[in-house]
Amino acid sequence: MNGLGFRQANSWLHTWSGLLLGWLLYAVFVTGALSFFRDEISFWMQPAQHASVAHAEAPQRAIDTMQAMAPDASLWSITLPGPRNPTTQVRWFEQGERRSKFGGQSVVLDGTTAQPLQERASRGGDFLYRFHFELYGMPRILARWIVGIATMMMLVAIISGVITHKKIFVDFFTFRPRKGQRSWMDVHNALAVLALPFHLMITYSGLLLLMFMLMPWGVDSAYGGDRQAFFSERGNRAAASTQAPAADKVPAALTAIAPLVRQAQARWPSGVEQITVTDPGTNLATVELRERGASSLLDRGRSGRMLFDGASGALLESPEQAKPDAFSAIYNVFSSLHLLRFADTWLRWLFFIGGVLGSAMVASGMVLWVVKRLPQRRKQGSHLGHRLVESLNVAGIAGLPLAIAAYFWANRLLPVPLQARADWEINAFFIAWLACLVHACFRPHRKAWKEQLGALALLLALLPLHDLLRGGGGLLAAVSHGSWVAAGMDLALLAFAALSAAGVYFLRPVQAKSGKRASAPAEGIEGVSP
């Protein structure tokens, strides 16, 4: 790098920081964008639940079901139907059982009747969410380190890209179609500038979420290596619930839940999301209602809570939550924006579009790397490294969505009673992705792009049709039941099928002006200008 100017050095840094981990960054962006609709994807992957409709009496009916299903439990947790999932989800813990986030027993109830619904074993959107920052099949800490390093490289690529393009905002309004490398450069610049604030925010906030793992020295030094003491002091660790001795409890009827919900709804316009009943059926029972959503990001989107006496229904005084300090407030805002658990549907769509633009930005950068070096490859003849990047581009950019489509198809085609069914859905994802890599290595570059994009369009378009032909489901049934969560997923699949088909169309051989078909360029996708 000797003799390079400041901008030239940043151009070199931008190129290689993006290339070395570009395919991983693309996968992180794609699965991260899908994670904004994690709950909706999980619901869509449970077809038996699509007919569920939220009902005003869902809270009381859920309580009645729990009294019949788990009358002796030490705790009931009831998540009420909402805009992202119209079913009621219940979890309970038996007496003496350790209470944890994923412990106990859980059942999904119909949002109207509160009767148990059939579930097929599936990781749903949780697999894509976890893959976004933990990958799969490797130690969790190692995977987070890999993703953390890739995220840091992404931040370096963004900053060096801004420095490299001194006329970045002028370039945003510049597009030169049918100019090969220049056209791909214009597309890459436009995608980068269009969502630049989002790219910076989502990358920086992702690093903040991994901060205590990537840079633990300050906490370890101040707390003598006891990180739990640090998190406890910051108030991020939930206080362990205590149970009163059995001798202090006597049987008592639980108060009606509807008046408590109405009282909470008068305070919270967004409504009630969760009901937690501790020691149900006793005189020591308490009912905690949690607000749907949150009014502030300063406390990491923590929702409001109201606590009632379970026997009398009297409102109990809840301890006032401590206000976070400046550091915690900043951290909470950025982490809340990255996780987006507080957002409504429209904000989720806005962030999803930002994630798609980020994925397209990384993808166009990877294609641009191949385009810029194509003339040199032609002079030198075959080049193994260049061919490898071409194949990885096809398998990484087109193959990943195709593998996700295979994951969705496995959800529909695998028998419901199959042992380890959820694992086989994930296996289908990786088998399809590996097949895409093998296909890209042995097919001509342009044909590999066309065939994988064509297969993706076909798989995505046929998913809603498959549900429709199976009877009792599909897009029409979802619309008739008012299940816009399931309908929205089908419409999104059709939209991305159309985009994939458009990619196949733009990869067609160019017609000469005389009307004769021109020969297809051998170089692949780089021979087609956007």
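Taken from NZ in K450 to NE2 in H445, the straight-line distance is 13.5 Å, to the nearest 0.5 Å. Distance check, rounded to the nearest 0.5 Å: CE of M45 to CZ of F408 gives 6.0 Å. Between the OG1 atom in T278 and the CZ atom in F93 there is a gap of 10.5 Å [rounded to 0.5 Å]. The structure places CG of L463 at 12.5 Å from CG of L468, a figure rounded to the nearest 0.5 Å. In this structure, OG in S335 is found 5.5 Å from CG in L209, a value given to the nearest 0.5 Å. Distance check, rounded to the nearest 0.5 Å: CG of L494 to CG of L475 gives 7.0 Å.
Contact of the M154 side chain with the V362 side chain is registered, since non-hydrogen atoms from C-beta on lie closer than 4.5 Å. Contact annotation: the side chain of L109 never approaches that of Q115 to less than 4.5 Å [non-hydrogen atoms, C-beta and beyond]. Taking 4.5 Å as the limit, every side-chain heavy atom of V272 sits out of range of all side-chain heavy atoms of M306. For the pair V416 and Q118, the minimum side-chain heavy-atom distance is below 4.5 Å. V108 places none of its side-chain heavy atoms less than 4.5 Å from the side chain of T88. With a 4.5 Å cut-off on side-chain heavy atoms, L437 and L392 count as touching. The shortest side-chain heavy-atom distance between I404 and W433 does not fall under the 4.5 Å cut-off. Here the side chains of R99 and S74 are in contact, with some heavy-atom distance below 4.5 Å.
For the pair L453 and A398, the tightest heavy-atom approach, listed with the atom from each and the gap, is CD2-CB, 4.1 Å. Closest non-hydrogen pair, L260 versus G313, comes out as CD2-O, 3.6 Å. Taking each heavy atom of L207 and G148 in turn, the nearest pair found is CD2-O, 3.7 Å. The heavy-atom pair separating F131 from A27 by the smallest distance is CE2-CB, 4.2 Å. Looking at every heavy atom in both residues, Q263 comes nearest to F308 through OE1-CE2, 3.6 Å. The minimum heavy-atom distance linking I78 with M66 is given by the pair CD1-CG, 4.1 Å.
S205 and H338 form a side-chain donor-acceptor contact under 3.5 Å, judged by distance and modelled atom types alone. One side chain, S77 or Q274, offers a donor N or O that lies under 3.5 Å from an acceptor on the other. A side-chain donor-acceptor contact under 3.5 Å links W23 and N393.
The pair R443-E451 counts as a salt bridge, with a side-chain nitrogen and a carboxylate oxygen less than 4.0 angstrom apart. Comment: E273 does not engage R290 in a salt bridge, judged by the lack of any side-chain N to carboxylate O separation of less than 4.0 angstrom.
A side-chain donor-acceptor contact under 3.5 Å links Q452 to the backbone of C436. Panel note: side chain Q46, backbone R120; a donor-acceptor pair is recorded below 3.5 Å. The backbone N or O of R38 sits nowhere less than 3.5 Å from a side-chain atom of S35 that would complete a donor-acceptor pair. Of the possible polar contacts, none joining the Q105 side chain to the W92 backbone as a donor-acceptor pair under 3.5 Å is found. The backbone N or O of P464 sits nowhere less than 3.5 Å from a side-chain atom of D490 that would complete a donor-acceptor pair. Here the side chain of S52 pairs no donor or acceptor atom with the backbone of D110 at under 3.5 angstrom. Using modelled atom types, no side-chain atom of R123 and backbone atom of A422 make a donor-acceptor pair closer than 3.5 Å. Looking only at distances, a side-chain donor or acceptor of Y26 sits under 3.5 Å from a matching main-chain atom of I397. Looking at R91, its side chain does come within 3.5 Å of a backbone N or O of G103 through a donor-acceptor pair. Between the H132 side chain and the V28 main chain, a donor and an acceptor come within less than 3.5 Å of each other.
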F429 vs Y136, ring pair (Phe, Tyr, Trp, His ring centres under 6.0 Å): CA-CA, chis, key distance, verdict: CA-CA 11 Å; F429 170 89; Y136 186 79; 8.5 Å; no

Verdict with supporting geometry, H466 and L469, side-chain contact (heavy atoms from CB on, under 4.5 Å): CA-CA 5 Å; H466 170 269; L469 295 179; over 6 Å; no

Worked verdict on F430 versus L434 for side-chain contact (heavy atoms from CB on, under 4.5 Å): CA-CA 6 Å; F430 286 105; L434 178 61; over 6 Å; no

Test salt bridge (Lys or Arg N to Asp or Glu O under 4.0 Å) applied to R61 and E57, step by step: CA-CA 6 Å; R61 292 176 180 177; E57 297 183 16; 3.2 Å; yes

Check against side-chain contact (heavy atoms from CB on, under 4.5 Å), I146 and L21: CA-CA 10 Å; I146 293 173; L21 293 171; 5.8 Å; no

Residue pair I202, F29: steps toward the side-chain contact (heavy atoms from CB on, under 4.5 Å) verdict: CA-CA 10 Å; I202 210 70; F29 256 102; 4.3 Å; yes

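The local environment of CH2 in W409 is crowded, with over 12 non-hydrogen atoms from other residues, nucleotides or ligands closer than 6.0 Å. Atom CZ of F198 sits in a crowded spot, with more than 12 heavy atoms from other residues, nucleotides or ligands closer than 6.0 Å. Within a 6.0 Å sphere centred on CE of M152, other residues, nucleotides and ligands contribute 12 heavy atoms or fewer. No more than 12 heavy atoms of other residues, nucleotides or ligands shown are found within 6.0 angstrom of CH2 on W484.
When each of I63, L254, T276 is checked for a side chain to side chain contact (heavy atoms under 4.5 Å, CB included) with V287, only L254 meets the rule. The side chain to side chain contact (heavy atoms under 4.5 Å, CB included) test with F43 singles out one residue from H50, R84, M489, and that residue is H50.
Between F127 and Y407, the angle of the ring planes lies from 30° to 60°, which puts this pair in the tilted group. Ring orientation note: the planes of F37 and W349 are tilted relative to one another, at an angle of 30° to 60°. Note: Y129 and F133 have perpendicular aromatic rings, judged against thresholds of 30 and 60 degrees for the angle between ring planes.
Applying the salt bridge (Lys or Arg N to Asp or Glu O under 4.0 Å) criterion to R267, with sequence neighbours excluded, gives no partner residue.
Among residue pairs with one or both ends in residues 415-441, those qualifying as salt bridge (Lys or Arg N to Asp or Glu O under 4.0 Å) are R421-E425; sequence neighbours excluded. A salt bridge (Lys or Arg N to Asp or Glu O under 4.0 Å) check over residues 391-412, counting only residues at least two apart or in different chains, returns the pairs R412-D467.
For F352 and F36, the ring centers sit 6.0 Å or farther from each other.
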